[in-house]
Amino acid sequence: MCGIVGYEGNREACDILIEALKRLEYRGYDSAGIAIWDNGAIKVERRKGKVEELRKIVCDGTFRGQIGLAHTRWATHGVPSERNAHPHKAGNVVVVHNGIIENYMELKNRLKEKGQEFLSDTDTEVIPHLIIDHMNDGMNFIDAVRMTLKELKGSYALGILKEDERILIAARKESPLIVGIGDGEYFIASDAPAIINRTNKFIFLEDNDIVILQNNTLKLINIDGETVERAIQRVQWTDAMAEKGGYKHFMLKEIFEQPRAISDTLLGRIKEEEGEINFDEIALPDIRKIQKIWMVACGTSYHACMIGKHVFEANLRIPVETDIASEFRYRDPIISEDDLLIVVSQSGETADTIAAMKEGKRKGAFTLSICNVLGSTLARDADGVIFTHAGPEIGVASTKAFTTQVSVIFMLMLFMGKKLDILNNQDIRKHILEIKRIPHKLQTILEMAPSIEEAARKYMSCKDFLYLGRGIQFPTVLEGALKLKEISYIHAEAYAAGEMKHGPIALIDENMPIVFVSPNDQTYKKTCSNMEEVTARRGRIILITDDKNHEMSKRVDTLFVVPDTIYELQPILSMAPLQLFAYYIANFLGTDVDQPRNLAKSVTVE
Ligand code: M6R
């Protein structure tokens with residue numbers, strides 16, 4: 001998705017902005033641009049492709065000035081090209097924008113009738129034109145910006161410069177934007193990793209906030225021009241956490257970080273001796289009244305929700321409905337005030353998941369977000385939030401976010417089970433003991449990386465993969481297949497293993513590897529029968545199991561044995577070989593693992 005950075009201070013802005021932009025590359029983009037103000041003139045440069053191309057042109061000392069903006073664009077309106085790249089300039093106003101202006105066509109037609117000339121196909125370009133239009137009517141710059149924002153329908157994070165004034169304005173509505181507070185200088189960014197090497201003091205802007213940075217001072221107003229106050233927050237993420245630390249890719253680093261990430265997720269929350277889970281951070285309503293739990297998310301986070309359905313229903317006996325966030329609100333879901341709506345998101349900024357949370361709120365449900373990013377919209381706007389504490393996840397393919405989400409879901413089940421008197425202290429102690437062992441068990445799987453890499457080499461030229469699993473391993477294989485397809489561009493489909501006979505079996509021959517995840521759980525025997533059916537059709541099986549002694553384990557093409565654990569936690573262990581398998585195949589194929597084509601880290605448009 002698009003990225004915004006801005007600087008206002010006493011140092012040269014160009015290098016600072018380009019470096020910050022590079023730190024946002026992980027979000028995915030197709031073009032980049034920069035605007036620097038210097039003594040009443042704004043220099044703008046834009047390039048299709050990587051930030052590096054832009055850097056070569058602007059970081060030669062010619063782009064001088066101590067206030068500026070830069071942007072990476074992920075095309076929504078208009079093809080990726082230099083003319084559609086941001087910043088966009090109209091008259092003496094320059095704008096960078098994340099989000100979508102839904103009524104841009106109507107505004108554009110109105111402005112065209114007034115004689116304004118448009119140079120791009122973007123929705124963004126109406127913004128500087130509208131500002132100019134209001135200034136032509138006699139408004140000052142700040143009021144013209146406010147009036148413009150009032151006319152925009154849709155979402156925006158904005159950075160705005162004006163040629164004849166040393167001023168930077170930033171504003172947000174439904175698209176993330178933060179202000180970093182330095183020593184006599186300010187930064188703006190759409191995501192903390194962009195500027196975490198500069199400061200760890202942030203203001204997380206809220207909808208309709210407008211920031212005015214001028215003469216090294218910061219002023220915050222709302223869309224009506226009233227002064228607003230926002231707390232300065234210190235984030236714990238360090239710069240080193242947002243760097244690769246010797247790994248070839250962020251994704252690999254993040255896979256290997258999982259034991260540590262899960263330990264951090266558990267930290268301060270498990271009280272083993274007391275047999276208690278501490279979630280002081282949330283004040284859930286009366287749990288006994290909950291009629292239904294909704295779990296809504298997108299992508300990987302949705303797969304964590306599907307696991308949540310198994311975990312909650314099996315243990316709490318409360319019905320759970322899972323939904324893909326982009327579908328949820330359009331079917332007018334029947335939510336009651338006694339329902340609990342859990343939204344799960346790494347970024348906390350996924351537009352569809354935010355919309356799902358709003359739908360739940362509107363219908364009176366208690367909304368709880370499970371989220372990784374402090375200050376994000378879902379963290380702020382839900383009635384309660386549980387942070388996963390996975391640390392920054394930079395690779396577009398989600399890895400440690402998933403395993404920490406499953407860990408939180410498991411702890412939440414224990415927490416609620418205790419409140420409902422379904423689980424006693426002893427049950428909880430037993431479960432705590434099991435989840436405490438997960439980081440170590442995961443570590444032993446990660447040590448199998450060289451053999452997984454070998455297997456990846458063997459299968460890297462296959463064109464299609466089928467992933468099969470039952471019960472709680474069905475979402476696990478969905479997630480495994482998603483990992484493979486998003487980073488290697490190989491077609492991979494996942495099915496509940498029982499569905500194989502209802503169609504996918506027709507695909508099976510010696511050319512298509514079938515990845516089975518089948519630990520020795522209640523569905524084991526059934527899945528073993530499915531494996532028999534595959535071998536009978538000369539299908540090649542890659543099996544992930546905790547049972548190396550089973551007859552089937554000796555007959556498969558490739559075997560990965562993971563440690564055993566309880567049913568609810570097994571997906572965390574099964575996931576590690578799936579992540580590594582996908583990673584190594586993509587690495588062999590030479591794809592852009594951390595920024596796969598067409599994908600964005602945080603999908604802030606619907
Ligand atoms: O930030 P979120 O967890 O809300 O993101 C949801 C999806 O966009 C995300 O999981 C996506 O599917 C990843 N690329 C998966 O690896």
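Order of appearance sets the numbers: ligands from 1, and atoms from 1 within every ligand. In this text the structure is predicted, and so the values were computed from the model without any measurement.
For atom 1 (O) of ligand 1, the closest heavy atom belonging to the protein is Ser347 OG, 2.6 Å. Distance from atom 8 (O) of ligand 1 to its nearest protein heavy atom, with residue and atom name: Val603 CG2, 4.0 Å. Closest to atom 4 (O) of ligand 1 among all protein heavy atoms lies Thr350 OG1, 2.4 Å. Of the protein's non-hydrogen atoms, the one nearest atom 6 (C) of ligand 1 is Cys298 O, 3.3 Å. Scanning the protein heavy atoms around atom 15 (C) of ligand 1, the nearest turns out to be Thr300 OG1, 3.0 Å. Atom 14 (N) of ligand 1 has Glu486 OE1, 2.8 Å as its closest protein atom, hydrogens excluded (heavy atom only). The protein heavy-atom contact nearest to atom 12 (O) of ligand 1 is Gly299 CA, 3.3 Å.
Those atoms of ligand 1 that come under 4.0 Å of a heavy atom in Ser301, given as number and element, are 2 (P), 3 (O), 10 (O). Under a 4.0 Å criterion applied to the non-hydrogen atoms of Val396, ligand 1 contributes the atoms 13 (C), 14 (N), 16 (O). Close contacts of ligand 1 with Ala397, meaning ligand atoms under 4.0 Å from a residue heavy atom, involve 16 (O). Shown in contact with Lys483 at under 4.0 Å from a heavy atom are these atoms of ligand 1, numbered in order with element: 15 (C), 16 (O).
Under the 6.0 Å distance and 45° angle rule, Arg380 does not count as a cation-pi partner of Phe204.
One finds no salt bridge joining Glu25 and Lys50 here, because no Lys/Arg side-chain nitrogen approaches an Asp/Glu carboxylate oxygen to under 4.0 Å. A salt bridge links Glu52 with Lys22; the closest basic N to acidic carboxylate O contact falls under 4.0 Å. Between Asp332 and Lys363 there is a salt bridge, with a side-chain nitrogen of the basic residue lying less than 4.0 Å from a carboxylate oxygen of the acidic one. A salt bridge links Lys483 with Glu479: the distance from a Lys NZ or Arg NE/NH1/NH2 to an Asp or Glu carboxylate oxygen falls below 4.0 Å. Under a 4.0 Å N-O distance rule, the pair Arg331/Glu359 does not qualify as a salt bridge. Ionic pairing of Asp352 and Arg329 is present here: one or more N-O contacts between side-chain nitrogen and carboxylate oxygen are shorter than 4.0 angstrom. Taking the charged nitrogens against the carboxylate oxygens, Lys400 and Glu393 have no contact shorter than 4.0 Å, which rules out a salt bridge.
Checking only distances, Gln405 never comes within under 3.5 Å of ligand 1, N or O to N or O. For Thr353, no nitrogen or oxygen atom sits less than 3.5 Å from a nitrogen or oxygen atom of ligand 1, counting backbone and side chain alike.
When heavy-atom distances to ligand 1 are checked against a 4.0 Å cut-off, Glu349 has no atom that comes that close, whether in backbone or side chain.
Residue Leu599 places no heavy atom under 4.0 Å from ligand 1.
Proximity of Ser301 to Thr353: side-chain heavy atoms (C-beta onward) are nowhere separated by under 4.5 Å.
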Is there a side-chain contact (heavy atoms from CB on, under 4.5 Å) between Leu284 and Phe279 once you walk through the steps? CA-CA 10 Å; Leu284 285 181; Phe279 272 139; over 6 Å; no

